[in-house]
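Structure first, then comments.
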Amino acid sequence: MSLSRTALRAVRSYSTASPITVKHSTSNSSGSLLGNVEVNWASRSPVERHEIYEKLAEIQKQDWKALTIDEKKAAYYVAFGAHGPRQAVNPPGHSIKILVGTLAACGAAIGIFGLIRSSAPAPPKTMTKEWQEASTEMAKEQKINPITGISSEGYAGKGFVSA
Amino acid sequence: MFGIQRAIARSSRPAFRAAAVVRAPTVSAIRFNSGGAHAHETESYESFNQRYQTFFSNVEDVFELQRGLNNCFAYDLVPSTSVIEAALRAARKVDDYATAVRILEGVKEKVENKGQYQAYLDELKPIINELGVTTKEQLYNL
């Protein structure tokens with residue numbers, strides 16, 4: 001198919017006597033095209049991609065020992081590289097970003113909590129230990145809850161002391 | 001002559017005994033976990049390798065090769081070097097260099113440690129050199 005087309009082109013160029021452009025099918029002319037396949041594969045148009053794919057298929061038909069490292073890499077990348085369905089779900093550095101973000105959010109929460117606590121009023125005077133011990137004394141003097149509670153026999157609890 | 005004697009001796013046994021001998025192989029001791037739903041469920045490692053070696057040597061196109069590789073590497077075992085060699089030759093046959101590299105990458109995924117992978121590479125060295133396949137590590141200097 002392509003052979004007949006080139007033949008046709010050759011005939012036509014003969015008749016019009018325009019300069020003949022020769023396209024080599026060997027890999028050397030495609031060096032620049034295949035050298036950076038991995039870098040800008042994503043930005044290439046589907047037509048270009050197909051062109052590269054077909055070129056690589058053609059290159060792979062020759063002896064594999066004759067392939068350059070760029071051609072090998074390009075062939076591997078186009079077939080099995082990290083694009084399309086093989087593209088990583090998360091970009092590189094994603095988990096570090098998540099970790100840093102989570103720690104920052106936790107730190108901010110703790111900071112806000114501390115800030116609010118520091119500006120809070122002092123606890124009421126009834127929350128001091130002295131007051132609570134005095135309350136317990138008073139409860140025992142007045143025999144509060146004498147059967148099961150604070151004034152009962154053998155009571156071992158803390159009474160009104162909360163801390 | 002001995003065969004004939006033995007045959008006569010066997011035929012002279014009581015009928016019920018002979019019937020039991022004939023029926024014995026049909027009652028299989030192999031238990032099919034799936035009730036027989038999966039093909040090749042109880043095949044041995046040798047017959048597995050034989051099956052895939054035959055498959056890869058009959059491969060005609062890239063699709064068949066990659067389909068076979070997907071199936072072959074889906075088992076809880078590492079295919080033998082003969083299977084890998086047949087697969088590499090199939091890749092050469094369909095002119096797909098990338099798949100050849102991928103086969104070696106698949107072996108690396110399947111083996112348990114680097115030593116086993118290296119053993120596979122050493123064993124496959126002749127075919128790798130013959131076809132000019134490079135591993136992914138060599139390609140990307142990993």
Side-chain angles (χ1 to χ4, degrees), chain A residues 1-3 24-42 44 46-89 91-93, chain B residues 56-57 59-74 79 81 84-111 117 120-121 124-142:
Chain A
M1 174 81 185
S2 64
L3 236 163
H24 290 287
S25 60
T26 49
S27 56
N28 236 3
S29 66
S30 62
S32 59
L33 184 66
L34 298 180
N36 46 11
V37 159
E38 297 172 34
V39 182
N40 42 22
W41 179 258
R44 285 184 195 276
V47 178
E48 271 182 318
R49 289 183 198 180
H50 189 69
E51 207 173 278
I52 292 171
Y53 169 80
E54 286 194 327
K55 192 164 271 179
L56 284 169
E58 207 52 49
I59 286 169
Q60 289 176 76
K61 282 178 186 166
Q62 53 174 304
D63 185 8
W64 288 348
K65 286 174 203 161
L67 302 187
T68 65
I69 193 85
D70 275 345
E71 287 166 348
K72 288 175 179 180
K73 276 186 180 180
Y76 182 82
Y77 183 81
V78 169
F80 299 110
H83 54 82
R86 266 177 292 275
Q87 192 162 31
V89 177
Chain B
F56 285 126
S57 37
V59 156
E60 295 292 339
D61 56 28
V62 180
F63 178 84
E64 272 299 287
L65 171 61
Q66 295 187 346
R67 187 179 74 84
L69 286 169
N70 268 339
N71 291 337
C72 182
F73 281 102
T81 49
I84 306 299
E85 183 176 343
L88 287 174
R89 286 198 189 283
R92 176 67 267 192
K93 191 171 161 189
V94 299
D95 295 321
D96 197 340
Y97 181 82
T99 300
V101 177
R102 193 71 163 175
I103 290 167
L104 296 180
E105 200 187 340
V107 172
K108 194 188 178 192
E109 282 294 315
K110 291 301 283 187
V111 294
Y117 177 55
Y120 261 84
L121 289 185
L124 291 165
K125 189 156 252 166
I127 176 82
I128 287 175
N129 289 342
E130 182 194 327
L131 298 181
V133 183
T134 45
T135 61
K136 195 188 175 190
E137 297 84 70
Q138 286 166 342
L139 266 190
Y140 291 96
N141 298 320
L142 295 177

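Values in this document were obtained by computation on a predicted structure and should not be read as measured data. Letters go in sequence order (proteins before strands), and every chain restarts at 1.
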Which bit of [X] comes within less than 4.5 Å of chain A, counting heavy atoms only: side chain, backbone, both or neither?
X	answer
B:Glu130	backbone
B:Asp96	both
B:Thr99	both

**Request:** For B:Tyr140 and B:Thr134, test the side chains for any donor-to-acceptor distance below 3.5 angstrom and give the result as yes or no.
**Result:** no

Which atom of [X] lies closest to which atom of [Y], heavy atoms considered:
X	Y	answer
B:Phe56	B:Ala90	O-CB, 3.4 Å
B:Thr135	B:Val101	C-CG1, 4.3 Å
B:Leu65	B:Ala87	CD1-O, 4.0 Å
B:Phe73	B:Ile103	CZ-O, 4.0 Å

Ranking B:Glu105, B:Arg92, B:Lys136, B:Gln138 by heavy-atom pairs under 4.5 Å to chain A gives rank one to B:Arg92

From the list B:Gly132, B:Ala100, B:Ala98, the residue making the most non-hydrogen contacts under 4.5 Å with chain A is B:Ala98

Under 4.5 Å to a heavy atom of chain B? For A:Leu56 that would be neither

Query - Steps toward salt bridge (Lys or Arg N to Asp or Glu O under 4.0 Å) verdict (A:Glu51, A:Lys55) - result: CA-CA 6 Å; A:Glu51 207 173 278; A:Lys55 192 164 271 179; 5.2 Å; no

Most heavy-atom pairs under 4.5 Å with chain B, out of A:Lys61, A:Gln60, A:Lys73, A:Lys65, belong to A:Gln60

